[in-house]
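Positions are given from 1 along the sequence. Side chains included, hydrogens not; waters and symmetry mates left out as well; all remaining heavy atoms used. Since the model is a prediction, treat every value here as computed from it, not as a measurement.
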Amino acid sequence: MGVCGLGHDVVDVSAFAAQLAEPGTRMRALFSVREVRQASERARSKGDGEAVHLAAKWAGKEAFLKAWCEALGSADYPFTLDNFPWREVEVLDDSHGVPHVTLSGEVALAFRDGGVARRQANAGVEAIPSVHISLSHDGPVASAVVIIDVG
């Protein structure tokens, strides 16, 4: 069947860092413990700030949501922006530093059993969608691209 969703997002790293540093902010709570730990370790090993790595992960989460919404087409969205469980979409690097999207909880169920899989089944395709992600950051900008495909 091929590509059924494409998402892209760009994050201003300094504005994101300022948001993370605001007293009482909930931004850090939108990341899983594993994402924060990985961003801290990456910052320490590269000698840069944690915010740049979290900004790239945030761009990945946003790009995933955009790709998922496109893949759903006219189907109802399982979440709104007000109740989207951001921590259940993890953007984590594997042992080679390659990023991957890991879904858990309600998001995993909605993604697997919800609109995308149902839409493909209605089209006669019995395949579980795959998520592909690419992250980048350079200077003041972090970005991500996500493709959802069924093959």
Would you sort out whether E88 and S104 count as a side-chain hydrogen bond (donor to acceptor under 3.5 Å, both in side chains), showing the intermediate values? CA-CA 5 Å; E88 294 179 7; S104 63; 5.2 Å; no
Going through the distances and angles, do F84 and V89 end up as a side-chain contact (heavy atoms from CB on, under 4.5 Å)? CA-CA 10 Å; F84 191 81; V89 177; 3.8 Å; yes
Apply side-chain contact (heavy atoms from CB on, under 4.5 Å) to the pair D48 and H53, showing each step before the final yes or no. CA-CA 9 Å; D48 56 10; H53 302 288; 2.8 Å; yes
If you apply the rule side-chain contact (heavy atoms from CB on, under 4.5 Å), what do you find for V10 with V141, and how did you get there? CA-CA 7 Å; V10 177; V141 175; 3.4 Å; yes
Should V107 and W68 be marked as a side-chain contact (heavy atoms from CB on, under 4.5 Å) after you check the CA-CA gap, both sets of side-chain angles, and the distance that decides it? CA-CA 11 Å; V107 171; W68 190 11; 4.0 Å; yes
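Considering only residues two or more places apart in sequence or on other chains, R37 meets the side chain to side chain donor-acceptor pair (under 3.5 Å) condition with none of them. Under the side chain to side chain donor-acceptor pair (under 3.5 Å) criterion, H8 pairs with no residue, sequence neighbours left out. Under the side chain to side chain donor-acceptor pair (under 3.5 Å) criterion, N83 pairs with T80, sequence neighbours left out.
For the pair C4/I147, no side-chain contact is recorded, criterion being any heavy-atom separation below 4.5 Å from C-beta on. In this structure the side chain of H132 never reaches within 4.5 angstrom of the side chain of V145, judged on heavy atoms.
Distance alone, capped at 3.5 Å, places no donor-acceptor pair between the K57 side chain and the F31 backbone. Side-chain atoms of T25 come within 3.5 Å of backbone atoms of Q19 as a donor-acceptor pair (strictly under, hydrogens ignored). The closest donor-acceptor contact from the side chain of E35 to the backbone of V91 lies under 3.5 Å. No donor-acceptor distance shorter than 3.5 angstrom exists from the side chain of Q38 to the backbone of L92, with no hydrogens or angles considered.
Nearest heavy atoms, P129 versus V150: CA-CG1, 3.5 Å. Between A59 and A142, the shortest heavy-atom distance links the atoms CB-O, 4.3 Å. In plain terms, the two heavy atoms of L135 and A56 that are nearest each other are CD2-O, 3.4 Å. Across all their heavy atoms, V13 and A55 have their closest contact at CG2-CB, 4.2 Å. Closest non-hydrogen pair, E70 versus L6, comes out as OE1-N, 2.7 Å. Among all heavy-atom pairs drawn from A29 and R87, the shortest one is O-CD, 2.8 Å.
D93 and H100 form no side-chain donor-acceptor contact under 3.5 Å, judged by distance and modelled atom types alone. The closest side-chain donor-acceptor pair between D12 and S14 falls under 3.5 angstrom.
Atom CG of residue L54 and atom OG of residue S40 lie 7.0 Å apart, to the nearest 0.5 angstrom. Within the model, atoms CH2 of W58 and CG of D9 stand 9.0 Å from one another, a figure rounded to the nearest 0.5 Å. Rounded to the nearest 0.5 Å, atoms CG (D149) and OG (S130) are 5.0 Å apart.
Linking ILVMFWY side-chain heavy atoms closer than 4.5 Å, directly or via other members, places F16 and L30 in a single hydrophobic cluster. Taken together through direct or relayed side-chain contacts under 4.5 Å among Ile, Leu, Val, Met, Phe, Trp and Tyr, W86 and V131 form part of one hydrophobic cluster. Put simply, V101 and F79 are part of the same group of oily side chains (I, L, V, M, F, W, Y) that touch within less than 4.5 Å, one to the next. A continuous path of ILVMFWY side-chain contacts below 4.5 Å connects V11 to L81, so both sit in one hydrophobic cluster. A continuous path of hydrophobic side-chain contacts links V146 to Y77 [ILVMFWY only; heavy atoms under 4.5 Å].
Remark: aromatic rings of F64 and F111 are close, center separation under 6.0 Å.
Between E50 and R28 there is a salt bridge, with a side-chain nitrogen of the basic residue lying less than 4.0 Å from a carboxylate oxygen of the acidic one.
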